[in-house]
Structure formats: structure tokens, C-alpha cells
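Report on the structure given below.
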Amino acid sequence: MAILGNVQQRSFEVRIDGDSVGFRPGAC
Amino acid sequence: ARAAEAPRYVTVSAASFKPGSTCRDPDPVAPRRNGTSAVLRLTHRHGPCAPARASSLAAPSVADTLRADQRRAEYILRRVSGAGAQQLVGSKAAATVPASWGYDIGTLNYVVTASLGTPGVAQTLEVDTGSDLSWVQCKPCAASSCYSQKDPLFDPARSSSYAAVPCGGSACAGLGLYASGCSAAQCGYVVSYGDGSNTRGVYGSDTLTLTATDAVQGFLFGCGHAQSGLLTGIDGLLGLGRLPVSLVGQTAGAYGGAFSYCLPTKPSTTGYLTLGGAASAAAPGFATTQLLTSPGAPTYYIVMLTGISVGGQALSVPASAFAGGTVVDTGTVVTRLPPAAYAALRSAFRSGMTAYPSAAPNGILDTCYDLSGYSTVTLPSVALVLSSGATLTLGADGILSFGCLAFAASGSDGG
């Protein structure tokens, strides 16, 4: 098992809609 | 093909790793997709962009942060592996909460501000995709029972829209494992955390005002009358997990169960938390992958990591190493990888960093560098490949943190 932590999520927009998880780089 | 196109190196100013002393984006124009979205400004708790109420408290040390992070990661891994789930069932049957139940919130560094009650009282709340129940500290709360916070305590007696959840109803039953008996016909709740921190009080409902135009009527939350542990300074917590009691679950009718967030790169910049805005999978700019579930740990959002590339080269790691899935968690700081994957990543990264002097390990981070004296730093690029081919090419801030490769192994082989 792995965990994607918040250091690696920074600047991505992470979007969760029930079916999928999306990552958009450079969003903030 | 995408991995082959990935940049081999990323070069940044060494100064970019410093946190910054002034807020560069004090009041951003929040993204707004349509009329069914609510957008909140999200900041690092310890930084110049944080709400004034939250920013005066000292940030924890790196060592404390990493220790707390390790406890949280170990807890998540136990739950997903099934051990934690068994503990949860056992705790319910015994009407007690084992000390290992919960998680450590010392690493939850990202906050939003919302108003609770009528009239609304501003609350600085830590956002957590790894837990479900939201709570705030409430009056009455003796000094010995509540920790200090910058905002005045929320007083349900002064809110015209507050109601305690009665025992025996569906809302109280919905607490599930967070239920903690009844007192004066009011439904009690308790959340205990892995480090011994806990919150306990009355389950209630009130209006949660997210933005000037978005409010949640009858929002269910814990009105905490007794807290202890590593919670000092915050007004409460906003649970964004997958269970129905979370903010996401409670607002599924209004916002479709969709949400998004952007964690700022450093404390001197801002991000956002958006409820709603469910869009098609073809939304521009997104790399999208399937959302998976863990039966033993239904709180978590899980994706399937399938590979890693360093410097544009795919690591040689058997696919089976990633088969357990990957929890996407805002409350864990450092990404944890299966041991075989971490070993390969570390080896490749070190090979790409021979130009820089190494430094002593820092807690769980064992690949550190002395970058003082360098005006720019060139790092091997790191890309995470998820199922469906979604590839996350990390920025420098996602590779190096605290002067170290910001990854760790998630346990021992066979553990």
C-alpha cells in the first residue's frame, strides 16, 4: 500500500467526483 | 510514451524552497465553474496567507512533523490492511475506543475558514480527506478540557439555528463508530486519534456558511466539549472523507458528491477547496484515473499507482509492488511507497544528485542534501504513473522537502 502525501499534491488541483480522481498540475 | 516525453531534470532557484515571509496571493479570485460550486480559500496553517486567527501559533518542528506523519501513515496502512478495521469493530462492541483508533492530525496543515451558526461565527478548520466527522470546539468547555484557540469558542446557545441531535434518530445512528452514548437525550460523539488526541461532545446541527452565497442548512457536526492532544490552536476540523457523515457526503445532494482542492506550494501562496463542480472526465488539463475503494477502510480515496519514472526513465519495479493501491490523503505529508519502489526511486534519485553534497538523514527522510551555497538546483524529474496512464510529473516542491527526497517506504517487505 502507498500513500500520496500532501507534499506531492501541492500545486496540483485534485478533483474527486465519485468515479474518478483527476490531477491538474500547476493549478495554484 | 508519456514517460518518455517527461523532462529529465527540473531546475529551480534554491530560494524557491524557502517558505516566504509575505503572502503573495492574499485574496485570489477563486475559480468558479458553475452555479452549483462553492469555493473556499485554502491556505497553509502556518504562513503569511493563513487567517490571522491561526497564524500566530508556532509551526511544529520538522522532527515533530515527521514523527507525527509517521504515526498517521502507520495508522492508515493498518486500516487499509484490515487490522484497523478489526479494531474498529472491536471498539464498537466494547463501547470503548482503543488508543490506536484514529489518526494524528498534527500534520494537517491546510485550513479553510467557514462560518457556523446564526449569526455566523468564523471557524478556522483543518481540511482532511482522511477522516469523515467534522467538529469544532464548543462552549461550555472548561480550560482543562479544551485547548486554546484564537477564535472565540463556538457557543451553540447563541445560535438560533443550532439543534442538538436527539438520541434514537437516524442522524445519531449515522454516527456509527463515532457514537458515544446519550446524555440528557442528546447524541454523543467521540473521535480518538492514534497519538491519544481526542475530541468528545454532542452531535449537533447548524448552518454552515461556506461562502457569501453558499450555505449548508442543518450541517451535522461534533460540538466538542472535551479535547486533548495535538490539536492546539485550530477551531476544528472539516472531514472530507467518503462516509456519509463527511461534508462531502452531507452535501452530495447539492454538490453531487464531487469536490476538488489545490494545496498551495508554499505557505506564502494560497489554494482553494471547491465543493461541487462535477465535470466530465475530459476536463482540460486533468490527468484522470479511476477511484478505488477499500472495504476495510471506506473513508479513503484510493488510486492505483502503476509505475514511477526518474529522470525520464521508468524504474524497474514489478507491478505487483503497487498492487495494494495508493491512498490520496491531504493529512499525510510525505508520500509513502512500497519498499521495493522506494528503494528503486532512492537509488535513481541519488544517481542524479551526485553533484550535490549529501547531508544527514532527517527522521524518516534518508536522502538529504546540503544545498546551501547553490543559487539554482537541478533535480532529476520524478513522475508518478497511475492506472489509465495518468502521469503526474512533480514540480521541484513535490520532490524535495526539508532538503531531502520527500518520499519514504511504507513499511517492510511482507509487512
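Throughout, a chain's letter reflects where its sequence line sits, starting with A, and its residues are numbered from 1. For the numbers below, each heavy atom of this structure counts, side chains included, while hydrogens, waters and symmetry mates do not.
For B/Val328, the parts lying near chain A are the backbone and the side chain together; criterion is any non-hydrogen pair under 4.5 Å. Contact annotation for B/Tyr261: both backbone and side-chain heavy atoms come within less than 4.5 Å of a heavy atom of chain A. Neither the backbone nor the side chain of B/Thr269 comes within less than 4.5 Å of any heavy atom in chain A. Of the atoms belonging to B/Leu240, not a single heavy atom falls under 4.5 Å from chain A. Of the atoms belonging to B/Leu292, not a single heavy atom falls under 4.5 Å from chain A.
Judged by distance alone, the side chain of B/Thr251 and the main-chain N or O of B/Gly249 form no donor-acceptor pair under 3.5 Å. The main-chain N or O of A/Val14 is never found under 3.5 Å from a side-chain atom of A/Gln9 such that the two would form a donor-acceptor pair.
For B/Ser246, the side-chain contact (heavy atoms from CB on, under 4.5 Å) partners at least two apart in sequence or on another chain are B/Asp132, B/Val248.
Cation-pi contact between A/Arg15 and B/Phe286: present, with separation from the ring centre below 6.0 Å and deviation from the ring axis of at most 45°.
Looking only at atom types and distance, the side chain of B/Thr274 has no donor-acceptor partner in the side chain of B/Ser37 under 3.5 Å away.
Comparing B/Gly324, B/Gly325, B/Gly257 by heavy-atom pairs within less than 4.5 Å of chain A, the highest count is held by B/Gly325.
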